[in-house]
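Everything on this sheet refers to the single structure shown next.
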Amino acid sequence: MPELPEVETTRRGLMPHVVGRVIEGVTVRAVRLRWPVPPGLARRLAGARLADIERRGKYLLFRVEASTPGWLIVHLGMSGSLRMVAAGTPAGCHDHLDLSLDNGHVVRLRDPRRFGAVLWHPGDPARHPLLAHLGVEPLSESFTGAWLYRHTRNRSAAIKQVLMDAGLVVGVGNIYANEALFHAGIDPRRPARRLGQARCTRLVEAVRATLERAIAAGGSSLRDFVHADGQPGYFQQHYAVYGRAGEPCRRCGGPIRHLRQGNRSTFFCPRCQR
DNA sequence: CCGACAACCTGTGAGC
DNA sequence: TGCTCACAGGTTGTCG
């Protein structure tokens, strides 16, 4: 279930076990992900040192120190997870990639739907074609009400779909778009350009608060990140509207409505969201 | 430039 | 119990 909070939670969970470690072995069981795992990746990574893990949107960026340094770019797609397991833990049928570290632990990628990606980039990852056109980070200071207002004046599409446009702002997937719009009291169908300054500010604050709350909740489960059968460090949360069609709104008690926008499920309270 | 939509792939749960 | 169908957290690429 990787949206920004899950990716960030994964990053924080991996950091203490991964940063500074040397990769002793690489196992690639499935080459066919969203794009093929680059041939020669295993050879390139073997013996290299993982110097840092950064995040851009929903991409995890592993800085690799080796004779030819570069960045290992990982995207978890719809169903991907990264977790730490002990060396020797048998791989399941959707465990596509292992990085065996010099501390007896293994970074294991599982991705049943294989919408995820594992890529290599020799230079500045911000210049990678997949990352070059990404929008603003929602937890950064540049994401403000004034900024959102300015960048939505020519957008006639529904605010929910605009909010999920990674070229504008990254990391806000279907769940948190639904949740943030509820907390901001905004109808997800409203054309983006019809939002005034004040509502843009409310929405920006709701997005930030929703994401930060989810990260904090995930962070509390990070202690058990290294476990043979451990969960990847995040868990089902308590949603205000997502997945609650027909159930009572937690604020007004009215029924939560379900509809489809751009082939994605939208949940909202018609009474609280205008 | 903007927006709508199909495509990628597998698992799961509802309904019959 | 077993089958079929709709749908699921994301993103790219194509077309109008």
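Residue numbers begin at 1 in each chain, while the letters A, B, ... track the order of the sequences. Quick caveat, the model's predicted, so the values are computed rather than measured.
Within the structure, a side-chain polar atom (N or O) of His94(A) is placed less than 4.0 Å from OP1 or OP2 of dG11(B). Here Arg260(A) reaches the OP1 or OP2 of dA8(C): one of its side-chain N or O atoms lies under 4.0 Å away. Residue Ser265(A) places at least one side-chain N or O closer than 4.0 Å to OP1 or OP2 of dA8(C). Look at Arg264(A) and you won't find any side-chain N or O under 4.0 angstrom from OP1 or OP2 of dC7(C). Of the side-chain N and O atoms in Ser156(A), one or more sit less than 4.0 angstrom from OP1 or OP2 of dG3(B).
Between Tyr176(A) and Tyr239(A), the ring planes are perpendicular. Angles over 60° get that label, and only those under 30° would be called parallel.
Judged by distance alone with a 3.5 Å cut-off, a donor-acceptor contact links the side chain of Arg34(A) to the base of dT11(C).
The cationic group of Arg153(A) lies under 6.0 Å from the six-membered ring centre of Tyr149(A) and within 45° of the ring axis, placing it in a cation-pi geometry.
Comparing dC9(B), dG9(C), dT11(C) by their nearest atom to the side chain of His75(A) picks out dT11(C). Counting only heavy atoms from C-beta on, Tyr242(A) has its side chain closest to dG9(C) among dA4(B), dG9(C), dG10(C). Considering only the side chain of Ala157(A), dG3(B) comes nearest among dG3(B), dT11(C), dG10(C).
For the pair Gln161(A) CD and dA4(B) C1', the interatomic distance rounds to 9 Å; values are reported in whole Å. As rounded to whole Å, 13 Å separates atom C1' of dT11(C) from atom CG of Asp111(A). Atom C1' of nucleotide dC1(B) and atom CG of Leu168(A) are separated by 14 Å, given to the nearest angstrom. Regarding Asn263(A), its CG atom lies at a distance of 14 Å from the C1' atom of dG9(C), rounded to whole Å. Rounded to whole angstrom, the span from the NE2 atom of His133(A) across to the P atom of dC1(B) amounts to 10 Å. One interatomic measurement links the two molecules: CD of Glu3(A) to P of dA8(C), which rounds to 13 Å at whole-angstrom precision. Between the CG atom of Asn178(A) and the C1' atom of dA8(C) there is a distance of 13 Å, given to the nearest Å. Atoms CG (Leu259(A)) and C1' (dC7(C)) sit 16 Å apart, rounded to a whole Å.
Using a 4.0 Å heavy-atom distance criterion, Arg155(A) is classed as a sugar-phosphate-only contact. Residue Gly173(A) is classed as a sugar-phosphate contact, given heavy-atom separations below 4.0 Å to backbone atoms only. At a threshold of 4.0 angstrom between heavy atoms, the contacts of Asn174(A) are confined to the sugar-phosphate backbone, with no base atom among them. Base engagement by Arg113(A) is indicated by at least one non-hydrogen atom pair under 4.0 Å involving a base atom. Note on Asn154(A): only backbone sugar-phosphate atoms sit closer than 4.0 angstrom, heavy atoms only; bases stay farther off.
Between dA6(C) and dA6(B), the distance separating the two P atoms is 14 Å to the nearest Å.
Residues Leu101(A) and Leu50(A) have side chains in contact (heavy-atom distance under 4.5 Å, counting atoms from C-beta outward). For the pair Thr27(A) and Leu97(A), the minimum side-chain heavy-atom distance is 4.5 Å or more. Val136(A) places a side-chain heavy atom less than 4.5 Å from the side chain of Trp147(A).
Residue Phe267(A) is the one, among Leu131(A) and Phe267(A), whose nearest nucleotide of DNA chain C lies closer to the 5' end (criterion: closest heavy atom).
By the 5.5 Å and 30° criteria, Phe115(A) is not stacked with the base of dT11(C).
Residues Arg63(A) and Glu65(A) are paired through a salt bridge, judged by an N-O separation under 4.0 Å between the basic side chain and the carboxylate.
The base-pairing partner of dG9(C), taking Watson-Crick or G-U wobble contacts with both distances under 3.5 Å, does not exist among the strands shown.
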